[in-house]
Structure formats: structure tokens, C-alpha cells
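Data first, discussion second: the structure below is written as C-alpha cells.
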Amino acid sequence: MAVTSARQRDQRSIAADTYQNITLFTHACEIASEYADHRGTDAIDSHFGAMLFEHIFDNVKQRLEFGCRGSQHHTDTPNLQIFIHSIPSLSFLLSILTKIKFVFAIIAPLTSTTEMALRTHYCTDINENNVGERVELAGWVNSYRDHGGIIFIDLRDKTGLIQLVCDPADNEKAHKVASQIRDEYVLIAKGTVRRRGEGLENPRLKTGKIEVVVDELVIENRSEPMPFTLGDPNVGEDIRLKYRYLDLRQKEMFETFQLRSKAAIAARNLLDKHGFLEVETPILTKSTPEGARDYLVPSREHVGEFYALPQSPQLFKQLLMVGGFDRYFQIAKCFRDEDLRADRQPEFTQIDVEMSFCTQEDVMKVAEELLHAIFAACGHEIEIPFNRITYRESMEKYGNDRPDLRFGLELVDVIDLFEDCESPIFAEIAKYPKINRIKALKVPGGDNAFSRKIIKELEGFVTRFGAKGLAYIQVKEDGLKGPILKFLSDEAIETMKSRLDLQIGDIVFFGAGDRKVVWDYMGRLRSEVARRLDMIDENRFEFVWVVDFPMFELEEGALHLKALHHPFTMPKNIDEEDAEAIESDAYDIVLNGIELGGGSIRIHKLDIQKRVFSLLGISDEEAEEKFGFLLDALKFGAPPHGGFALGFDRLMMLLTKKESIRDVIAFPKTQSATCLLTHAPSPVDEAQLKELGIRIRKQPKSDAAE
RNA sequence: GCGGUGGUAGUUCAGUUGGUUAGAAUGCCGCCCUGUCACGGCGGAGGUCGCGAGUUCGAGUCUCGUCCACCGCGCCA
């Protein structure tokens, strides 16, 4: 292998830097020019800089405080050059430009500016401008076509494909090596870039106009035949997970994780800019048995005692606020030993943020800016601030606290219309409008769309969630039809008609009973109907803040209260007699019906915290034992503080429109929480257990079957 | 813990009412082929039908159990 000289290295690195700078500059100009077009100006003239500046200034006033020294530029900057030079760095310019529909991801080149000994270019870096150049490439055999004489190889690296040509007439030795290759062999190829001949171009390849005539070919490593075909969309997920490292070779996979990286870096940059300090909190920590199950880690030094993996860095970030750090963030791994779902993994990542001396508004603003920056980094311009809805309104209109606002179909209260109705069941329900609900879901055009069979299916659907049945009214040309009509007075029917604005062809579903049950199944029905009628625009991002959460919830079948958010959330009205009427400074961010994250203002006063613990039925002794360190901390001048956390995996799942969170996690677990790649969890040596003072009481299922 | 769907060649799938030697495509191996890019042609290998019982003269097919994967319920302060 030829050793690259220091001079060559320098040249390459300069070339790469220049390339990057030129790319940035070019894109800045493009944006500028687009803006100029938009304003009706033909060319980028001397006014352009000022215009762009103003445009940016309008959009990102708050950012300019950080970077641009002084604001004197905004009226008299003569041109783009000066404007750009007035910015401290290109990356800062870039971050500003993201505000004007700018896609960070596109311009950050895949090419690294650092030296690589084994290649001069990535595959798709090569184009017609390189014709005649000698290049060195490294990668995998994506496919090969051996014609007996000439051999074509599609070489692949993370950037894409390029065609190598091995012609015995050009180089017999390279051709001989090429005749041995198979799919997924690792090659290092040297050769000359050549324009493809007339009619030989491949428009489907980015590098389809050129090819590399190989004169030196090294098989760096061989590969067994692949256990599955890369790029085949039908391959089972289990085999992909078993060979995840092969699965990751697929273009779509690389792009997903590239985007994930961009998003994480954008989050870091935004929070850094706002003065947040990134701090790592412990992974080995104390078990807090409330909430989800903990993953436990036995201690060797303290036989019989256990660490727990954190379900979230909640208490530590509060302690950082007591520690005076003022603003903290972390891209934190969290662990919950609960059953999995398509959007739930036992270990997951959240962007965790906490700040001191802040109001709920301050926290929400940071969260919005953060999401805006992340979406911008991924090529999406989202509107901030987000809409808000109270918890109560969300429950009443959408049946849950994470409404999907990509479609309408609001639930409408009709309990009053059943007060004097002739059905004893409905009348009884209507007697207690505080705890019961009768909700109507009008589906415009639903009568035409839903056959008797589909309605039966929908009834089966809601029955699974506690509905006794599914009453409905069809709006026909000759009037309303449906079994419940006979119970209602003409007046009630007329009121319903106008309240629901019924039109011919509509169908109205009714849910009646305990409010929690009705909310639940009617909310689910709402989504199910929207899905069936294809009412959901998959390309929309509908954010909403759900605010004013109740502090407590009466546990089903139990006497004591349960914290709806968590017990460290600041209650708004702790002295309220009816504990269920106590609200909290808690807020959730919901995107397209999925809870992306949430946060709250925390309790920073000892007496309030103690009061909340006691309402939750946690004794002083228990509180001391579990949260003593927090209670202690609150005694020493804890500042008012609050924060939020965003589920990063879910966020990436929504951003990449994947159906499963596993698609955005490099090495995910299966639904039974195992890793098909490493076979974790697995039994351990008796000696290891002995050292930990642990004896397994029950034989594993596979052995116990005997 | 519960409900649903699936498990047949390396992969993706078909397989009739229970009835000869379980098929296809692709991949793999061998030979041929100098402009392909889903290269092409000829030939070949490859299966404990997830596993275990049962019913039957006979089971990929029917029954029961079990394991694995996925979707959902419970659970996830």
C-alpha cells in the first residue's frame, strides 16, 4: 500500500475545506437569490445584503443577540460579502439560514475533511470533473456483472454506488482479481475516471455518467453469501435484527441514522446557544419503585443490595438546579422494565432539559425552539408557537390527553338531550352528568362509507375497550334512522340535528356511560374512523401543547391518589379540598396523536413536596427513605425550576415516518425485550451469581418443561 | 398475564378435501459469455414443513401443547 505523503494530505484537506466553504457560500447565495426573486428583484445587487439581513433579522431577532456584533449592519450593509463577514462563523450563518426554509442536512457533505489513507474519494464524490484523474476507492461489492471478458462492479460506500470496470485488455491482473469477487466483498480499487461512452450512461446512478477503469484491485476481505438480500423490503424483521450490522449497510438505514445524528447535533447546538450545560447523570442509581418497573443491577460490594437504572434523570436534574447550574440538558438514556410496543423500547433516549428561575412560558418557549431547530435540521419548517389545549378540553373533544389534530371529528356532548329520554339505561346515565358522559361522534359522509358489516366491526372495536355496544343514527334522505331515536323527544332530536349540523349521508356514533370509559373508546373510535376513511394527512406535523393537567388521579379500584404527571410537579392550588380538582403546572407536547414529551414546573419548597407526598399516601418515613436526598436538597435554597423531556426515538420515528421505533434505533430489542443479535439477556456463570450472593429460585422455562 | 396474525429451501412466497419424489422466484455452486447496470445462456446443489405429542393406513395440511417474531390489551408515576 502506497503511503500518502504529507503534502498530498495537506492538499486534500485544503481541498475539502474549500469545498465545504464554497458549498456553504453557494447555498447562501441560492437562498439570497430565492429571496431576491421573491421580492421581485432580478439580480443580486448591492441592496441584496441589506434585504437579506432584514429578512433574517425579522425572523431571528433573538439569535442575532448572540452572534452578530452590533446591529448597525441592518440598514447599510452593502453586499453579501460584507454581510457574511460580519457573522462570526459560517456555521452561525448556517444556523440563521435554517430559519428561512434551509435544509442543514443537504449541505453538510458526507465527505469528511480528515485524511483517509485508503481512499481519495467516496464513491459519489466523483463526477465528470474528475475525468482523467486517478482515484483510490474503498467499499463493498454491491453487485458484479461478469461477462466472461469485461467485468463490471458496483462499488458501494456510505455515499452510494460507482461502477468499476475491469477489462482484461486494460489490466489483466486486476481483471483476474475481479473474476474472484462476490457480493459484499470488501475492495480497495485504484484506477482512472473515464466518461462512459454514448448510450452507456445510467441515469439511475448519481455517478452514472462516469466509471472507474481499474488498474489495481485488492480484495481486502471476503464475505459469505448474505443471509438476506439488501434492499428487499419484504425481508422479515427478525433476520434483519439478527444480522443488524448487515441491515445497517442499507442506504435507508444509513440515511435514518444520519438524520438522527443531525437532529441530535441540532438539539445540542440550540441548547448550547441558549446557555444550557450538558451534564451526564448516573446510570447506576437508586430504585424508585413508584411508576414503571426498574431494571435492577446487583451490587458485588454490597451483597443483597441493588442499583437501579434510571427511568429518567428527573431527580438528578432537579439537584443540578439546586446546584446552581441554572440551565441543564442531556441526551439521556432511560430504562423501563415494562412490556414493549411498536413505539416503546425498554431503553430509550430522551432530550432532557431543566432550567431555573423560569415560568412555564419560558420552558415551553425553549421546547418549541428546540423542536423547531431539530425539524429544520431534518428539512422541515414547523410553525411555532404551537397551539394549546387544556387537559379537560382535550378529554372532552378527543377522548384522551394526546389528541391527533390532523383531522377533525370532535366528540360532542349530548348527555343533556337524554335527560328525559324513554330508555331507562340512557336516562340513568344522563342523571349523573358529572361522572358520566354521552358523546356523539359525527362522521360526515359516514353513512355512505360504512356498510352494516363495517359498523359491526366498529362495534366490535369499541367493545374491546369497555363499550357495551355502539348506538348510531344514520342521516338518510327521508330522515334520521336508528334504534335510539325512538327514546328521544322530537325536541331533543331537533336540538341534536342543529348541534351536530347533520347532513344527508352522515352517521353519528354514540358512546354512553362512565366518562373515563366513554372518553377512551370514543377517542379510539375517532382515530379508527379517521384511519378507515383515510382522513389523515401523513405529511402533516400537528403539534399541540396539552396544559393544565390535574395533579392527581384516583387510582382505579384503590383509595389513594396517583400523580398524573409525577410527584415533583408543582400544584397550582394545593389547598383545594377536592384533591381531584387540584391542577398542576404540567404540560405535554403532542405530535400527531403521539405523546412526544412533557414537562412541568417542579416543587422547590419542602412543605409543598411533603404535602404532595402525603396526599399520595406516602408516609414521612417512606418519603425519607426513598427521596430523602431530594427533601434534604429542598432545605438548602432550592431555586424555582422546571423543565421538560422529549422522547428522541419517537421524535425520529415521526420525522422519518417509520412505523416502528426499532427502525430508528441501531440495535433494538424485540417485543419480548431480547436482543436477537447478542442473545441478551442470557444466563450467567454460577460463580458470577455466587459473588453477587444471588441464587436463582425458579428454573428458566426452557429447562423447567421437563 | 391476555387476544390476534404469522413460522415451508439462504431469502420472499405457493402448496387443493389429509394421499406419488413438497414447488416457484431469487440467492448459492459449476461451465459458457467483452458494455452490463435486475446482464444473459446451460447445468447443479439446497427442506427434520419452528419444536413436541396426538388422531390416522397415511399429516406441511386436522387436534393439543410449546417456542419464536410481529400487532394490540393490561402495564408504561
Proximity to the side chain of A/Leu200 - top-ranked nucleotide from B/C71, B/U36, B/G10: B/U36
Quick one about A/Asn573 and A/Glu583 (side-chain donor to acceptor, distance below 3.5 Å, no hydrogens or angles considered), yes or no? no
Does a side-chain N-to-carboxylate-O contact under 4.0 Å join A/Arg344 and A/Glu338? no
Note: for A/Ile150 and A/Pro225 on RNA chain B, the residue whose nearest nucleotide lies more 5' is A/Pro225
Could you check how far CG of A/Asp183 sits from C1' of B/G10, rounded to whole Å? 13 Å
Take atom P in B/U66 and the same atom in B/A59, then report the distance between them in whole Å. 23 Å
Integer-rounded Å distance: B/G40 C1' and A/Ile151 CD1: 15 Å
Side chain of A/His147 - closest among B/U34, B/G1, B/C76: B/U34
What's the CD-P distance between A/Gln345 and B/A69, to the nearest Å? 12 Å
A/Ile239 CD1 to B/A9 P, straight-line distance once rounded to whole Å: 11 Å
Relative to the 5' end of RNA chain B, which residue comes earlier, A/Glu338 or A/Arg464, by the nucleotide with the nearest heavy atom? A/Arg464
Would A/Glu459 and A/Lys456 pass as an ion pair if we require N to O under 4.0 Å? yes
Does a side-chain N-to-carboxylate-O contact under 4.0 Å join A/Arg524 and A/Asp520? yes
Of A/Arg602, A/His565, A/Gln360, A/His604, which is the lone residue that meets side chain to side chain contact (heavy atoms under 4.5 Å, CB included) with A/Met570? A/His604
A/Asp294 CG - B/C75 C1' separation (whole Å): 15 Å
Give none if B/C70 has no partner; otherwise give the nucleotide forming a Watson-Crick or G-U wobble pair with it, both distances under 3.5 Å. B/G4
Whole-Å distance between B/A38 P and A/Asn142 CG? 11 Å
For atom CD1 of A/Ile153 and atom P of B/U34, their distance in whole Å: 17 Å
So A/Glu553, base contact, sugar-phosphate only, or nothing? Heavy-atom distance under 4.0 Å. nothing
Please pick, from B/U12, B/U36, B/C76, the nucleotide with the shortest atom-to-atom distance to any side-chain atom of A/Asp232. B/U12
Specify the separation, in whole Å, of atom CZ of A/Arg240 and atom C1' of B/C70. 13 Å
A/Phe152-B/U36 aromatic stacking (under 5.5 Å, under 30°): yes
